[in-house]
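Presented below is the structure to which this report refers.
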Amino acid sequence: MARYNAKTTEAKWQAAWAEARTFEAAVDPDRCKPKYYVLEMFPYPSGRIHMGHVRNYAMGDVVARYKRAKGFNVLHPMGWDAFGLPAENAALENKIHPAKWTYENIDNMRGQLQSMGLSLDWSREFATCDVDYYRQQQKLFLDLLQNDLAYRRESWVNWDPVDQTVLANEQVIDGCGWRSGAPVERRQLSQWFFRITAFQDELLNALGDLDRWPEKVRLMQANWIGRSEGARLRFTVKGPTMGPTKGSAAHDEIEVFTTRPDTIFGASFLALSPDHPMTAKLAAGNPDIAAFVAECRRLGTSEEVIEKAEKRGLDTGFRAAHPFLADVELPIYIANFVLIDYGTGAIFGCPAHDQRDLDFARKYDLNVLPVVIPKDADPVDFSIDSEAYVGPGQLANSHFLDGMSIEDAKAEVASRAETGNFGTGQVMYRLRDWGVSRQRYWGCPIPVVHCDDCGVVPVAEADLPVTLPDGVTFERPGNPLDDHATWRDVPCPSCGKPGRRETDTLDTFVDSAWYFARFCSPRAGQPLDRDAVDYWMPVDQYIGGVEHAILHLLYARFFTRAIETCGHVGVSEPFSGLFTQGMVCHETYRDDAGTWLEPTEVDRRDDGNFVRANNGASIKVGRSEKMSKSRKNVIDPEDIIERYGADTARWFMLSDSPPERDLEWTDGGIEGAWRFTGRIWRIIEESIDRLPAPGTAVPGRFDDNALVLRRLTHQAIGAVTDGIERFQFNVSVARLYQLANALGSYKVDDDTDQAGRWAQREAIETLVVMISPMMPHLAEEAWQTLGQTGLVADAPWPVASPELLVEDTITIAVQMNGKMRGTLEIARDQPEDEVRAAALAVDKIKQAIGDKEVRRVIVVPNRIVNVVV
RNA sequence: GCGGGCGUGGCGGAACUGGGAGACGCGCCAGGUUUAGGUCCUGGUGGCUUAACAGCCGUGGGGGUUCGAGUCCCUCCGCCCGCACCA
């Protein structure tokens with residue numbers, strides 16, 4: 001009996017699929033098959049695939065192959081998110097052009113992915129750095145420009161001093177660049193923006209229809225867009241009557257945004273952001289204010305400090321007139337907790353109903369007047385101590401608002417403000433427009449020319465693409481395109497006078513904001529071919545890491561709407577189904593000095609302790625963490641595939657852990673998967689000589705032994721299918737183990753039981769087809785060995801026979817007072833009376849009842865009986 | 001601080017709408033085959049009490065609803081993720 005050789009077998013079937021062009025998709029002209037577009041987030045070509053890729057693509061391949069077998073016309077493409085900074089860093093370090101570095105990496109990673117045996121349509125492959133791709137992206141940019149969805153403005157930007165590039169607000173994490181981790185500086189630059197805020201309402205509202213998205217992701221997006229209803233209110237400024245700013249000129253009015261206009265009568269101060277224009281004015285004439293502002297800014301970027309920072313403020317000496325109370329004036333502070341980026345950069349503080357305002361009021365001894373009273377509290381002695389009251393209630397101490405609900409009071413204040421011409425109701429969003437300018441070489445050039453006379457002039461469509469020049473140097477910091485005179489200096493397309501190309505390139509998030517649509521018609525002469533895009537879009541199932549839950553997915557949703565506006569697509573939402581998978585983790589190891597060690601440097605001894613492989617020194621085993629180079633807890637997929645084969649690696653990725661949760665890589669797990677491939681193979685080899693020929697007619701009769709196997713087979717079909725449909729691949733895997741176990745212990749008497757052999761073939765074929773999305777090579781080899789002529793990749797998904805899913809005789813549990821006491825074998829669907837009688841006749845139940853009185857008997861049909869005594 | 005999620009054997013986990021807790025895998029124990037070893041096969045494996053039969057306990061803790069709770073409700077504890085002085 002030949003042992004299964006994964007290496008040669010996998011190569012053989014990969015060649016066979018390529019030869020037969022099995023996975024190349026085409027628009028189905030008759031529309032007789034439903035389409036299904038499954039896509040995994042395309043990789044950045046770093047050079048090597050990692051286990052996260054293996055997990056991601058193994059899952060996507062299960063879906064793609066399963067849907068194929070279910071009769072869908074499946075599109076399953078792959079490409080490369082190929083622009084970006086690492087290529088420039090590599091260029092600098094290794095003196096290699098970014099393009100050469102990138103394409104070499106792609107070649108290597110393509111080979112690695114192909115060794116996984118994925119059912120990908122490689123004929124559609126492209127990289128976002130292909131001129132053909134980014135020329136189409138430039139066309140889209142021009143369309144956005146024309147539709148006022150792209151624009152240029154001076155703005156304060158987040159400047160990453162390490163990457164030497166601008167970052168979007170979304171890319172700044174805890175005051176540091178999302179990629180470099182360096183503290184971000186603020187600089188003023190002229191920048192290109194995409195008007196994502198034009199769709200803020202749609203992007204928020206449409207989340208409600210994305211019912212095949214994880215709730216978590218929808219919530220994160222909603223929070224990111226951050227819609228809140230409130231009011232803008234203008235306060236008249238008086239003074240200064242005292243304090244450090246006495247005598248200096250200032251604003252006449254301060255406009256605040258509040259989500260709680262109902263609490264206006266509880267206001268006891270106004271607070272300005274340290275970056276507010278009025279603050280700046282005051283700081284210019286007052287060193288104390290300037291010093292305070294500087295101090296706030298210093299505190300401003302670091303994360304941990306701010307979290308625990310005390311609420312602090314500085315009284316400007318100015319006063320603001322209360323809009324409804326002629327005799328009340330509120331002090332105006334500059335406060336460290338007021339953000340310039342949100343609302344108007346100024347607030348009114350109502351200490352009784354906002355914790356931050358309360359902390360502030362207690363510190364500066366300001367009035368705390370409750371104006372919302374909880375339902376069961378007494379308005380007379382309801383008071384605020386150290387905790388602000390933010391719950392529901394009724395207005396009090398609020399003149400014309402007294403007795404109103406919070407909602408009514410909010411509306412009333414907004415309406416009176418409008419009447420009195422000092423404010424209005426207002427919806428505020430946290431979302432900002434998407435800054436897309438990057439001062440980098442390795443990105444999509446923005447196709448415009450700057451002219452002293454004509455301003456910003458778009459490059460004519462006929463003159464696209466604006467290609468990246470060769471012969472650039474990366475020695476100097478900043479953008480190499482700025483230094484490339486022959487590329488940079490061009491005549492103005494409008495007037496012909498000397499002009500200057502835009503040297504900014506687009507954020508790589510733009511590249512990934514429409515690649516999924518390009519896959520529908522990857523060689524089209526325009527960005528998107530409407531026939532193809534209308535047929536394939538939206539993506540039915542998108543799969544990737546949760547780390548892209550906000551940025552990439554929000555940009556893709558925006559961009560799809562933007563190009564819909566320009567007429568390139570007919571859908572608003574790019575991904576109708578989304579699945580976010582967990583990370584691949586591994587234990588970490590350190591020696592006594594605290595140095596991280598690779599798994600290969602560590603040996604597990606028989607007593608379970610870990611030692612250094614080379615010298616037996618003791619090792620500290622740390623908790624399982626995401627595989628990362630810095631912690632050295634990385635397992636290279638190539639090593640695993642080389643040693644065990646792709647099927648084993650894929651099987652392990654799908655076993656045990658639910659796909660949405662983190663998976664812990666263990667040696668035991670991969671060994672177990674590897675043993676299973678051997679077991680499948682043995683089951684087939686040991687029985688193949690005695691099985692009936694493929695396609696033999698169903699025997700008329702099966703004995704009990706065969707019937708049990710057939711039932712199990714058909715139940716497995718139901719359960720495995722259900723597991724795949726619900727993204728519970730681990731459950732499907734468990735059911736496949738169960739079926740294999742049953743086959744392993746299945747015995748047939750060849751002299752008397754041909755039907756038994758038939759049932760065995762049925763079970764084996766079913767098993768093979770159902771493992772084929774997970775272990776496609778082994779399945780093809782088995783399919784061939786079983787005497788089938790076509791590819792298992794083209795075989796239909798098995799269908800369970802309903803009559804085999806139900807058993808005639810069932811075992812039901814009998815409880816007494818809710819505790820299991822025994823079981824009962826009985827024909828299914830018996831009348832309740834008979835089940836009750838049978839249950840009461842069970843020996844253990846009779847014993848347990850003894851001389852107690854039976855008060856009730858609850859019969860749940862075909863499930864359980866509960867005797868209550 | 002706000003929002004979301006999770007907590008089940010030694011480990012990863014299963015249990016569709018409340019109905020036999022622990023499927024399946026790993027690990028471990030015992031036995032067998034072959035062998036140098038692994039592979040492979042058979043059986044066992046939540047805890048406690050017991051010689052055994054059997055019984056009791058058991059899904060983070062406590063309480064509740066129910067004939068019946070891993071599942072629903074309240075409360076407390078712990079862990080994870082996201083956002084964050086968002087007015």
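Computed from a predicted model, the values in this text were never measured in an experiment. The chains referred to below are lettered A, B, ... by the order of the sequence lines, with proteins before strands, and numbering in each begins at 1.
- RNA chain B forms stems at B:1-7 with B:77-83, B:10-12 with B:24-26, B:27-32 with B:40-45, B:46-49 with B:54-57, B:60-64 with B:72-76, each a run of 3 or more consecutive Watson-Crick or G-U wobble pairs whose two key distances fall under 3.5 Å.
- Of the residues in residues 713-725 of chain A, not one places a heavy atom less than 4.0 Å from an atom of RNA chain B.
- Under the rule for a side-chain contact (heavy atoms from CB on, under 4.5 Å), the partners of Ala267(A) that lie at least two apart in sequence or sit in another chain are Leu330(A), Phe348(A).
- Residues satisfying the salt bridge (Lys or Arg N to Asp or Glu O under 4.0 Å) criterion with Glu229(A), sequence neighbours excluded, are Arg227(A).
- In this view, Phe257(A) satisfies the ring pair (Phe, Tyr, Trp, His ring centres under 6.0 Å) rule with no residue, not counting sequence neighbours.
- Side chain of Arg430(A), nearest nucleotide from C86(B), G27(B), C41(B): C86(B).
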Extract from the structure each pairing of a protein N or O with an N or O of nucleotides 16-21 of chain B at less than 3.5 Å, listing the distance.
| from | atom 1 | to | atom 2 | distance (Å) |
| --- | --- | --- | --- | --- |
| C16(B) | N4 | Arg863(A) | NH2 | 2.8 |
| G19(B) | O2' | Arg863(A) | NE | 3.3 |
| G19(B) | N2 | Gln815(A) | OE1 | 3.4 |
| G20(B) | O6 | Thr811(A) | O | 3.3 |

Give every pair of a protein N or O atom and an N or O atom of nucleotides 70-73 of chain B that lie under 3.5 Å apart, one pair per line with the distance.
none

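- Screening residues 727-740 of chain A for side-chain hydrogen bond (donor to acceptor under 3.5 Å, both in side chains), with sequence neighbours left out, gives Trp651(A)-Tyr737(A), Arg726(A)-Gln728(A), Arg735(A)-Gln738(A).
- Proximity of residues 581-588 of chain A to RNA chain B (heavy atom under 4.0 angstrom from any strand atom) is not detected for any residue.
- Ring geometry for Trp674(A) against Tyr644(A) counts as perpendicular: the plane angle is over 60°, on a 0 to 90° scale with 30° as the lower cut.
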Using atom types as modelled, flag every donor-acceptor pair under 3.5 Å from a side chain in residues 859-869 of chain A to any protein atom, sequence neighbours excluded.
| from | atom 1 | to | atom 2 | distance (Å) |
| --- | --- | --- | --- | --- |
| Asn862(A) | OD1 | Asp829(A) | N | 2.9 |
| Asn862(A) | ND2 | Asp829(A) | OD1 | 2.7 |
| Asn866(A) | OD1 | Asn817(A) | N | 3.3 |
| Asn866(A) | OD1 | Gly818(A) | N | 3.0 |

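- Remark: Ser657(A) pairs with Arg55(A), Leu663(A) by the side-chain contact (heavy atoms from CB on, under 4.5 Å) rule, at least two apart or across chains.
- Ion pairing between Glu685(A) and Arg682(A) fails under the 4.0 Å rule for side-chain N and carboxylate O.
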So which protein N/O to nucleotides 6-13 of chain B N/O distances come out below 3.5 Å?
| from | atom 1 | to | atom 2 | distance (Å) |
| --- | --- | --- | --- | --- |
| G12(B) | O2' | Ser657(A) | OG | 3.3 |
| G12(B) | N2 | Asp656(A) | OD1 | 3.1 |

